[in-house]
Amino acid sequence: MHALPIRVDAVLVQALIAAALSFAHLHDLASAAGQHGWKAWAYPVSVDLLMVAAWRRLRSGEAKAAGWCWFLVALTASLGANVATAGLLDLDDVPAWLRILVAGWPAVAFLGGTLLAHGSPMPVRAPAPVPEPSSTVAAPECLTDEVELPATAAELPAAEVESASSPPSSVPPALVALARKVADEHRARTGTPIDISTLRARLGVPMPLAEAIAAQLT
């Protein structure tokens with residue numbers, strides 16, 4: 001198996017070195033101010049965590065004013081420890097005001113970390129509902145309200161109506177003979193002359209032709 005190549009980032013290495021030096025300076029300053037043992041190691045941890053929390057708040061884009069405020073507070077504490085331990089301050093005789101600042105730092109770090117970690121985020125606005133486009137297609141109207149029955153009889157020419165209602169001029173003699181026989185049988189059975197409707201039903205002919213046959217029988 002081939003070992004995976006490890007990529008070394010020079011910027012990351014430089015950041016780790018700077019963090020280690022700042023950590024050591026904060027430890028030395030806390031120890032010189034009377035915070036011995038594990039307390040001296042807890043001070044640089046609280047400063048670095050406060051700086052990381054402030055940086056994350058800045059990256060999130062929410063409450064940037066609070067993020068910048070606490071980032072500058074943590075940066076001032078880290079930078080002040082670096083300057084104080086650079087020979088400008090006698091660590092064997094730390095002034096009283098510096099002891100007060102070191103002793104009060106845990107409360108400041110706790111307050112800043114709580115506000116940054118549990119601060120109320122910006123309310124997320126719900127997207128405005130998009131109105132549905134109104135349909136441009138009108139609903140089909142009821143066709144039964146507008147449909148009118150065509151008046152075929154009124155639209156036909158007068159000549160066609162008259163020709164349809166007038167009986168044919170000539171009737172075949174065989175059909176007249178058959179109709180006469182049917183009429184005689186009807187008179188013999190009922191005692192009354194046959195009407196046009198009965199004649200048309202018995203012969204199975206249209207009404208105009210039945211009228212013409214009845215005219216031939218009289």
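Treat the numbers as computed from the prediction; the structure is a model and nothing was measured.
- Applying the side chain to side chain contact (heavy atoms under 4.5 Å, CB included) rule to A53 yields the partners L116; only residues at least two apart in sequence or on another chain are considered.
- The OG atom of S197 lies 13.5 Å from the CZ atom of R202; values are rounded to the nearest 0.5 Å.
- As a member of the Ile/Leu/Val/Met/Phe/Trp/Tyr network built from side-chain separations under 4.5 Å, W41 groups with F23, V45, L49.
- Remark: R187 pairs with P193 by the side chain to side chain contact (heavy atoms under 4.5 Å, CB included) rule, at least two apart or across chains.
- Under a hydrophobic clustering in which Ile, Leu, Val, Met, Phe, Trp and Tyr are joined whenever their side-chain heavy atoms come within less than 4.5 Å, directly or via other members, F110 and V73 fall into different clusters.
- Taking P106 as the reference, Y43 meet the side chain to side chain contact (heavy atoms under 4.5 Å, CB included) condition, with sequence neighbours excluded.
- T192 meets the side-chain hydrogen bond (donor to acceptor under 3.5 Å, both in side chains) test with T190; sequence neighbours excluded.
- The 12-atom threshold is exceeded at CZ of R99, counting heavy atoms of other residues, nucleotides or ligands nearer than 6.0 Å.
- The side-chain hydrogen bond (donor to acceptor under 3.5 Å, both in side chains) contacts involving residues 73-88 comprise S22-S78, H25-N82, where partners must be two or more places apart or lie in separate chains.
- Scanning both residues, A74 and V47, for their nearest heavy atoms gives O-CG1, 3.6 Å.
- Hydrophobic clustering (ILVMFWY, side-chain heavy atoms < 4.5 Å, transitive): L111 and V108 are in one cluster.
- When every heavy atom of V205 is checked against every heavy atom of R200, the shortest pair comes out as O-CG, 2.6 Å.
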Side chain to side chain contact (heavy atoms under 4.5 Å, CB included) evaluation trace for W105 with L50: CA-CA 11 Å; W105 171 255; L50 181 60; 3.7 Å; yes
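- Heavy atoms only, all atoms of each residue included: I213 and A179 are closest at CG2-CB, 3.1 Å.
- Heavy-atom contacts from other residues, nucleotides or ligands closer than 6.0 Å to CZ of R189 number more than 12.
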Scan the side chains in residues 27-40 for donor-acceptor partners under 3.5 Å anywhere in the protein, sequence neighbours excluded, and list what turns up.
none

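- In this structure, CG on L199 lies 9.0 Å from CG on L178, to the nearest 0.5 angstrom.
- No chain of hydrophobic side-chain contacts below 4.5 Å, direct or via other Ile, Leu, Val, Met, Phe, Trp or Tyr residues, connects L26 to V52.
- Here the shortest heavy-atom pairing between I194 and H186 reads CA-CD2, 3.3 Å.
- In this view, S60 and R57, E62 satisfy the side chain to side chain contact (heavy atoms under 4.5 Å, CB included) rule, not counting sequence neighbours.
- Cluster note: F71 groups with M51, W55, L58, W68, L75 through ILVMFWY side-chain heavy atoms spaced under 4.5 Å, whether in direct contact or through intervening members.
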